[in-house]
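Heads up: the structure comes next, in structure tokens.
Both counts, for ligands and for their atoms, begin at 1 and track the order of listing.
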Amino acid sequence: MTDSALREYTQRCAKAEKEAEKLAGRLHALSEGVVDGPDNADTQDKELTDLLNENRKLKYRIGILKKSAERLRDNAGVTSTLNMKNSCNVLGQLEDLFSRALQAAYPGVTHVASQLQVSKQKQADYQCNDAMALAKSLKKNPREVGEILLKNVPPSPMVSKLELSGPGFINITISTDFIRQQVTNIVLHGVTPPPTTPLRVVVDFSSPNIAKEMHVGHLRSTIIGDSIARLMEYLGHDVLRINHLGDWGTQFGMLIAHLEDRFPDFATKPPPIADLQTFYKESKKRFDEDAEFKKRAYQAVVKLQAHNPIHIKGWQEICEISKKEFSKVYERLKVKIIDRGESFYQSRMESAVKVLQDTGMLEEDEGRKVMFGEGADIPLTIVKSDGGFTYDTSDMACIRQRIEEEKADWLVYVTDAGQGQHFKSLFACAKKAGIYDAAKTRIDHVTFGVVLGKTGRSSRHDQVSDTVRLVDLLNEGLQRSEEKLQEKERDKALTKEEFTKARDAVAYGCIKYADLSHDRARDYVFSFDRMLDFRGNTAAYLLYALTRIRSIARTACIKREDIMAEAQKHPIELEHEKEWKLARTLLKLSDVLLKITEDLCLHSLCEYLFEVSAVFTEFYDNCYCVEKNSDGKIVKINLNRLMLCEATAAVMEKCFAILGIDTVGKM
Ligand SMILES: NC(=[NH2+])NCCC[C@H](N)C(=O)O
């Protein structure tokens, strides 16, 4: 009903807008003295005003309808989650309930944001502090305000009790039936995402530079970007994963010139360059020392940018070699990404520069053409003094392409914090040029600190630096993981295949987890010893904990189907305090994920994963799942508790999947 009304209003609005445009055009023509047809300006004027007024009203209606449509969808979310499908984001739903209460009780008040938190008291689950903030701004008694708010909270199947407490808090108790049903849903349908409005998201990550080393910074970008993309995909967004390769620049001049000398027949025979790094260094040395070579390198750039076929061929060969190396890393880390480097934007750079030039956005600065954005100290260099383009130019063309051609609603750039200035200027300039409007497109520059070696010094001077090739780093990870598992005699307990699987999962999982579990803004110390520790907040520990949970049912010879069948019969029964605690913890996943979509800080997910495993241990230590007699014979199996184990494993697996970490059945 609301949807069709919304459609109708939108259509009418578009029609009215067209009419208005037409009339405005005719008015303009009239003012220029061009008379068309028998209409006179007076009636047109009135028609135009009427249409504009109608339009304004329609637009307002659309806004209201959109909001109520969203609300209806959300409510459908809560009620349907009582049965199945989307899992509920408890905090989000509560926020909605309280903001509706606020609107109903104090219609004009918009400046108080919902303040909800997990309750510190035993008898309640959450606590709402809105009344305190509201009373302060309205200069009223907080308890009175709390009373009024409480009366206006719409009924919800999620909430079983609301109670005013202390100076004006509202204590919220989540319905036990709701909790039981949600946990049962996890057993029956797996972990499902909370309802979200799907967006088109571009995640720009990894993005190493051709012919140069893919360094630890790029590894961080790869790991963080992949996880962000995985989260967005899970939430139902349409994600474009882009590798913004540095594949276009003046360095290609010297590389191609060197290629011509070393492998004259490169156009017909792919050059057998085993080590592009060395090749790069050789050409750089010649470039710096040999004036003649330098001249040729410059000419080569000009020819490349003019798309001379031979030069394009040389450039392609070099890119291929690099990309092959990069893809080895992506394959090992199971990262999917589409190559779309700076070169992709060549023609778009030309048109972007023209537009910026024509609209008077560029300023001359010692032969360069620069652009200043509001609030950014450093300008973008759009055209160099020799007429060439820069990193800034390609990013300007790129942001335009992503917003206008890709129709992205959300842009994410994952790079080290050192590029903060660049992106600040870029976004400010894009805004000034009318390309980017913060009200329509969300942009995040997701930054991270540097990786420090064992001594805690900057990576540039330490172990984990450009001198360590990424592939070697991954190999060392595998080696260390293997040793660790052997030390624990896992090679004796597992088949060869299981052992290899466990080794890989632990090695790559640990490298990823060590990165993701730290606040990304901080620098972090890279230590294999620490990340492979089987105690504490590490992937090694958590992967192992998961296999232990999975083995509980297995050793009792209970299959997944048996547990599912039980869940089909009735919602899970929860009695013990630790069972309830675990169930409530499992329900927090959606809220954790939605919070991460706000700050894009994945360490909250790692913290949550660690919390789940700790709460599970508490439950397991207190509640028998499988009871054995003194001979070790199984005497009783508690299927309800096995349901809890199943749900816990499903939640942990989902966390690992979003973090991009493979799990194993045995290790
Ligand atoms: N659109 C972008 N600027 N993406 C990031 C590119 C990162 C760049 N290639 C570097 O290695 O630092």
Minimum heavy-atom separation for A514 to S517, with atom names?
O-OG, 3.5 Å
Using a 4.0 Å cutoff against the non-hydrogen atoms of T415, which atoms of ligand 1 qualify?
5 (C)
Which residue, Y524, F448, Y513, forms the ring pair (Phe, Tyr, Trp, His ring centres under 6.0 Å) with H518?
Y524
Taking N or O atoms only and a 3.5 Å limit, does R402 qualify as a polar contact for ligand 1?
no
Identify the protein heavy atom lying closest to atom 11 (O) of ligand 1, giving its residue, its atom name and the separation to 0.1 Å.
H218 NE2, 2.8 Å
Numbered in order shown, the ligand 1 atoms found under 4.0 Å of a heavy atom of Y413 are 1 (N)
I want to know if ligand 1 touches Q419 in the polar sense, i.e. an N/O pair below 3.5 angstrom.
yes
If I compare all heavy atoms of L426 with all of Y413, which pair ends up nearest, and what's the gap?
CD2-OH, 4.4 Å
Result of checking H244, R348, Q346 against S394 for side chain to side chain contact (heavy atoms under 4.5 Å, CB included):
H244
Could you tell me whether ligand 1 has any atom less than 4.0 Å away from a heavy atom of Y391?
yes
Taking every heavy atom of G253 against every heavy atom of A300, the minimum-distance pair comes out as O-CB, 3.6 Å
Can you report which non-hydrogen protein atom sits closest to atom 8 (C) of ligand 1, along with the distance?
S207 O, 3.5 Å
Is there a nitrogen or oxygen of D416 sitting under 3.5 Å from a nitrogen or oxygen of ligand 1?
no
Min N/O separation D204 to ligand 1 under 3.5 Å
yes
Note: ligand 1 atoms sitting under 4.0 Å from heavy atoms of F423 are 2 (C), 3 (N)
Which atom names give the shortest non-hydrogen contact between Y508 and L333, and what distance separates them?
CD2-CD2, 4.0 Å
Main chain of S221, side chain of S206: is a donor-acceptor contact present, judged purely on distance under 3.5 Å?
no
Strictly under 4.0 Å, does any heavy atom of E342 approach an atom of ligand 1?
no
With heavy atoms under 4.0 Å as the rule, classify the contact between L245 and ligand 1 as side chain, backbone, both or neither.
neither
Looking at H237 and L199, would you say the former's side chain and the latter's main chain have a donor-acceptor pair under 3.5 Å?
yes
